Amino acid sequence: MPVADASTLKGIPEMFETEAGESLIARTESLATFRELGPPDLCRIDKFNPKSNGPKEINSYHFVLGVDSSSSASVAAYLNSLSYALVSPNPKTPNPWKIRSGTYCCFNAFSRVDVRVEVRIPGGVESYIVDLRGDKHRITNAAVWQETYVSAVLRSLLDDNDEPDGNDGNPILGLRKLDPLDTLGAEKRFLEAAAAEFWKGWQLGTNPEVQIATYFSNHLTNGIMKYFKEGGRLDQAATFFDSLFAKDAEVGAVLAPSYFGNNDEIKGVLVLHEALKKNSASYGLLLAQVDFLKSKKNLDLAAKIAKLGVVAAPSEYVTWAKLTEVYIQLGDFESALLALNSCPMFSYCERDSQRMPVPARIHLPLRPDQKDDQSNNNNNSNHSGSIEDENDPRENQIHPELARLPALSLRGTFLLAYKLLIQIVSKVGWDELLKFRSKVFVMEEEYRIHRALVEESQKEAQIVKDDEERESADARGSDKELPATKNDTQEPVQRLVKAQVAVNGVVEPEDADLEEENSSTLEQENSNTNEGEKAGGSPRKGESRLEELERENFESIRLTPEPEVLLTPGEDSKRGLSIDEMLRRASGDAKASGEDEDKNAEAGIDSMGSVEGHRELTSTPNPRPKRTPINFTFRNKRLCEKWLDNLFMVLYNDLRLYTALKQEMVQHNLPGSKPQALYRKTGAEWEVYGDLAERLHHPEEAKIAYKLCIEQKFSIKAWLKVLAMEADEGNTREALIAVNKVIVLLDKSYIDNTYPSPLGRAIFQLIGRHGYQKVHNVLIALNIPPRNFKLIMKFFEYATLFKVAGHDL
């Protein structure tokens with residue numbers, strides 16, 4: 001098939017550099033940011049055309065997974081194979097563009113170095129390593145190649161770029177995927193290398209929900225388990241881990257599930273029994289035991305073991321999450337919420353990736369349709385682009401509210417916790433979930449009132465303390481005062497200032513001597529005042545010297561409310577009432593003080609004993625409401641974590657939009673509804689609604705939404721979602737129809753890897769459930785085109801070669 005541009009590789013995506021070598025410089029600068037397995041391998045090539053009218057040399061690069069990087073020779077073979085992808089537009093003339101050199105970069109996750117191979121055509125091969133600082137070194141240790149090979153295979157096994165929501169919803173552009181283990185010999189060689197590097201696997205890191213990597217939870221162990229589990233060959237996984245179990249009992253945490261998945265339950269139980277005798281505090285072994293008990297519906301015992309797992313590893317999310325799952329299955333939703341609230345949450349660490357400069361142009365290969373090949377031979381757009389380009393731009397439009405759903409941004413432990421919360425609401429409903437929430441967590445109104453009471457009591461206690469300190473200081477100061485003389489008219493003023501003065505103006509002497517002294521002083525002042533009046537003075541009518549002193553020294557009177565203090569019997573006569581106590585008595589219980597207040601009101605006085613106070617109380621409203629004793633007990637309640645409170649709001653938004661979706665679908669199914677009603681939403685919006693329904697555990701509505709999306713636009717994601725649902729339900733015919741649709745779209749984009757892939761996983765799942773012959777016969781009965789049938793048969797040949805579960809049925 002001729003290609004339109006002679007400088008591009010056939011069937012291989014390419015990004016062209018703006019400046020020569022910028023991709024290698026960007027990768028070198030990003031090495032220090034790689035924390036775990038590293039990004040996909042980088043392949044850069046230099047092309048040269050001496051007869052070109054434009055630039056005679058161009059540089060391009062692409063990302064690739066699945067290349068054999070066990071030696072420099074195997075890497076050089078891949079670079080050499082790219083020369084055959086330069087196809088001439090005219091079959092009668094050779095392509096003037098030639099590959100002059102190439103550089104292949106593969107990250108070694110064990111030694112934390114970047115292994116690079118440079119090939120010059122013609123010329124030689126040079127291999128070296130680049131450390132995290134960017135320094136170049138020669139390869140002197142042969143073990144580096146084995147570590148690099150294992151790292152490359154694990155990156156290919158754990159990559160999810162071709163999944164519906166791959167790479168956290170941001171698929172890598174220009175990624176080429178090959179089968180990492182395409183033969184039994186390649187698989188055997190990888191398992192031997194993985195066994196040699198197994199005890200260093202914890203250095204690679206682990207899943208985001210696990211805080212500390214262990215022998216049974218790391219990228220090496222997880223990659224091997226995923227490879228064999230999705231391929232339906234857990235017996236091979238059990239064989240691999242069995243040889244390692246003798247060295248460390250914790251390996252039983254992955255060996256036992258391998259036996260259980262292969263229906264060898266007796267061996268799995270024996271492995272757990274032997275491992276727990278050696279290491280009873282391993283939470284991995286306890287969680288494997290919990291999973292087995294859950295499968296046998298022995299939930300009470302599973303809850304006890306899950307609690308032991310929490311005790312063994314209280315700082316791990318997986319132990320608390322497993323306990324929450326058991327409580328959900330038991331129907332103890334209050335305990336489930338408490339366990340979920342106790343889950344330790346970790347910051348999500350994104351996958352390793354390198355930041356590349358903006359390319360000059362991008363070439364994404366696209367196979368032209370056979371019927372339109374000759375008529376569109378000169379149209380370059382048929383040979384480069386994406387399947388999505390053929391969609392109507394209006395079908396890719398989406399409502400802003402759907403694009404900003406908070407659930408789409410959840411990652412790591414927060415996403416897993418949200419799934420547990422959805423499990424609860426799918427069993428009890430939203431209203432019951434809120435009731436359980438109010439029973440186990442302190443609600444906002446309760447906490448606000450309780451906090452206000454606590455703050456008020458603390459404030460009153462502080463005021464009491466300040467008053468006591470002030471009174472003690474006044475008492476010490478009064479003891480140091482000199483005795484007053486009859487001729488010293490300023491002494492009574494100082495004495496009154498230091499005395500404790502109540503708000504209502506009643507002087508409270510500190511002792512009897514002071515009271516007698518004050519009375520004698522006042523008599524003397526009254527006599528002096530009378531003499532002054534006779535001498536022609538002009539004092540105010542009816543004004544005593546005491547009132548004059550109070551008016552002149554009003555700044556010394558404390559106007560702040562005095563706190564309520566518990567008084568001993570008989571102490572009331574020695575102490576004046578504070579403003580808080582007076583207001584409390586004024587607005588207190590009517591049964592206790594109503595009659596007295598009525599009598600005082602008739603007499604024209606208030607509870608403070610003054611007519612002026614009565615006028616103030618009757619003319620202005622009470623500034624403080626009546627106090628009702630409220631007693632909040634939080635012994636059986638917890639404070640809800642902020643992240644869990646946010647998840648409740650995220651769930652509310654999802655349920656609100658799902659309700660609108662449900663109403664929309666009901667209108668579609670009404671008899672006599674117009675066909676145009678099905679197209680009230682764009683294809684992209686139906687895709688979002690499908691994700692929403694699937695997230696909330698409504699597979700039927702999700703399937704309908706995805707199919708409505710497919711009717712309006714090309715969407716590989718929607719087809720893959722439908723394929724996964726049909727395969728899970730065991731619908732062979734519908735699943736194979738989806739396989740036929742997807743494989744046509746993938747073949748058009750030159751994506752032809754067999755396994756690991758979503759198509760391979762679905763087909764192997766059907767074969768393991770129904771048997772090879774039945775699934776193969778259904779495929780024949782579909783009568784699909786010969787090319788499509790040939791493409792699908794690759795998966796059946798793989799199942800026969802690697803002896804997938806059900807291949808002999």
Side-chain angles (χ1 to χ4, degrees), residues 150 153-154 156-158 179-198 201 215-275 284-285 287-289 291-296 727-728 730 754-757 759-776 794-809:
V150 174
V153 175
L154 290 177
S156 181
L157 296 179
L158 294 175
D179 293 336
L181 307 174
D182 54 350
T183 63
L184 292 175
E187 179 182 288
K188 181 180 179 181
R189 184 157 55 94
F190 166 70
L191 293 178
E192 290 175 354
E197 305 293 338
F198 181 82
Y215 291 142
F216 60 85
S217 179
N218 57 71
H219 287 314
L220 175 59
T221 304
N222 298 338
I224 294 174
M225 283 295 294
K226 178 185 177 183
Y227 174 73
F228 287 117
K229 184 177 181 179
E230 294 183 355
R233 298 193 299 144
L234 283 176
D235 56 334
Q236 299 295 326
T239 303
F240 174 79
F241 291 115
D242 187 41
S243 59
L244 303 170
F245 176 64
K247 296 182 180 180
D248 195 299
E250 285 193 332
V251 181
V254 288
L255 177 59
S258 301
Y259 281 127
F260 293 147
N262 198 40
N263 295 325
D264 292 333
E265 295 182 352
I266 296 178
K267 291 183 179 179
V269 171
L270 292 175
V271 167
L272 286 179
H273 175 70
E274 182 180 354
L285 296 172
L287 295 185
Q289 192 174 4
D291 290 333
F292 177 71
L293 292 173
K294 286 170 56 181
S295 65
K296 297 302 178 182
D728 291 339
T754 304
Y755 185 76
S757 67
L759 288 180
R761 181 174 62 250
I763 293 176
F764 299 157
Q765 187 176 356
L766 293 174
I767 293 176
R769 186 167 184 171
H770 300 291
Y772 180 94
Q773 289 298 331
K774 180 178 179 180
V775 179
H776 185 262
K794 293 189 307 179
F795 299 95
F796 287 85
E797 294 171 359
Y798 183 96
T800 304
L801 176 63
F802 287 88
K803 298 181 180 180
V804 173
H807 74 283
D808 53 349
L809 298 178

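Numbering of residues begins at 1 and proceeds along the displayed sequence. Every value quoted in this text rests on a predicted model; they were computed, and no experiment measured them. Scope of the values below: all heavy atoms of this structure, side chains included, with no hydrogens, waters or symmetry mates.
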K.L.:
Could you pull out the closest heavy-atom pair between Gly252 and Pro257, with the gap in Å?
P.N.:
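Closest heavy-atom pair between Gly252 and Pro257: O-CD, 3.9 Å.
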K.L.:
What closest approach, in Å, do Ala186 and Asp182 show between heavy atoms, and which atom pair accounts for it?
P.N.:
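In terms of heavy atoms, the two residues are closest at CB-OD1, 4.2 Å.
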K.L.:
Can you tell me how far apart CG (Asn262) and NZ (Lys229) are? Round to the nearest 0.5 Å.
P.N.:
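Those atoms lie 13.0 Å apart.
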K.L.:
To the nearest 0.5 Å, what is the distance between NE2 on His776 and OG1 on Thr800?
P.N.:
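The NE2 atom of His776 sits 9.0 Å away from the OG1 atom of Thr800.
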K.L.:
Would His807 and Arg233 count as a side-chain contact (heavy atoms from CB on, under 4.5 Å) here? Give the steps.
P.N.:
CA-CA 11 Å; His807 74 283; Arg233 298 193 299 144; over 6 Å; no
K.L.:
Calculate, to the nearest 0.5 Å, the distance between atoms CG and CZ belonging to Leu184 and Arg189 respectively.
P.N.:
13.0 Å
K.L.:
Just by distance, do the side chain of Asp248 and the backbone of Glu250 share a donor-acceptor pair under 3.5 Å?
P.N.:
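Present.
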K.L.:
Once rounded to the nearest 0.5 Å, what's the spacing between atom CG of Leu287 and atom OG of Ser217?
P.N.:
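If I round to the nearest 0.5 Å, the distance is 10.0 Å.
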K.L.:
Are the side chains of Tyr227 and Leu181 in contact, using a 4.5 Å heavy-atom criterion?
P.N.:
yes
K.L.:
Hey, mind stepping through Leu272 and Phe260 against side-chain contact (heavy atoms from CB on, under 4.5 Å) and telling me if it holds?
P.N.:
CA-CA 11 Å; Leu272 286 179; Phe260 293 147; 4.0 Å; yes
K.L.:
Strictly under 6.0 Å, is that where the ring centroids of Phe764 and Phe795 end up?
P.N.:
no
K.L.:
Might you point out which heavy atoms bring Thr754 and Asp179 nearest each other, and give the distance in Å?
P.N.:
N-OD1, 2.8 Å
K.L.:
Does Leu157 offer a backbone N or O that forms a donor-acceptor pair with the side chain of Lys226 under 3.5 Å?
P.N.:
yes
K.L.:
Quick one: pull up CD in Glu187 and CZ in Phe240 and give me the separation to the nearest 0.5 Å.
P.N.:
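Separation between the atoms: 11.0 Å.
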K.L.:
Given the rule in the side-chain contact (heavy atoms from CB on, under 4.5 Å) test, do Tyr772 and Asp808 qualify, once you have shown the distances and angles that lead to the verdict?
P.N.:
CA-CA 7 Å; Tyr772 180 94; Asp808 53 349; over 6 Å; no
K.L.:
Regarding Tyr755 and Arg761, is there a side-chain donor-to-acceptor distance under 3.5 Å anywhere?
P.N.:
no
K.L.:
Could you state the interatomic distance from CG (Leu255) to CG (Leu285), rounded to the nearest 0.5 Å?
P.N.:
10.5 Å
K.L.:
So do Ile767 and Phe796 actually touch side chain to side chain, heavy atoms under 4.5 Å?
P.N.:
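Counting from C-beta outward, Phe796 and Ile767 do come under 4.5 Å.
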K.L.:
Looking only at non-hydrogen atoms, find the nearest pair between Thr221 and Phe216 and report the distance.
P.N.:
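Looks like CG2-O, 3.7 Å.
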K.L.:
Crowded around Lys267 NZ? As in, over 12 foreign heavy atoms under 6.0 Å?
P.N.:
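No, NZ of Lys267 has 12 or fewer neighbouring heavy atoms, counting only those of other groups under 6.0 Å.
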K.L.:
If every non-hydrogen atom of Gly771 is compared with every non-hydrogen atom of Leu809, which pair is closest and at what distance?
P.N.:
CA-CB, 3.8 Å
K.L.:
Can you name the closest pair of heavy atoms from Leu154 and His219 and give their distance?
P.N.:
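Smallest heavy-atom distance, with atoms named: CD2-O, 4.0 Å.
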K.L.:
Can you check whether Phe292's main-chain N or O pairs, donor with acceptor, with Ser295's side chain at less than 3.5 Å?
P.N.:
yes
K.L.:
Give a yes or no on whether the ring-centroid distance for Phe241 and Phe245 is below 6.0 angstrom.
P.N.:
no
K.L.:
Could you tell me whether Lys794 atom NZ has more than 12 heavy atoms of other residues or ligands within 6.0 Å of it?
P.N.:
yes
K.L.:
Would you indicate whether the side-chain heavy atoms of Ile266 and Tyr259 approach each other to under 4.5 Å?
P.N.:
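Side chain of Tyr259 against side chain of Ile266, heavy atoms only: no contact under 4.5 Å found.
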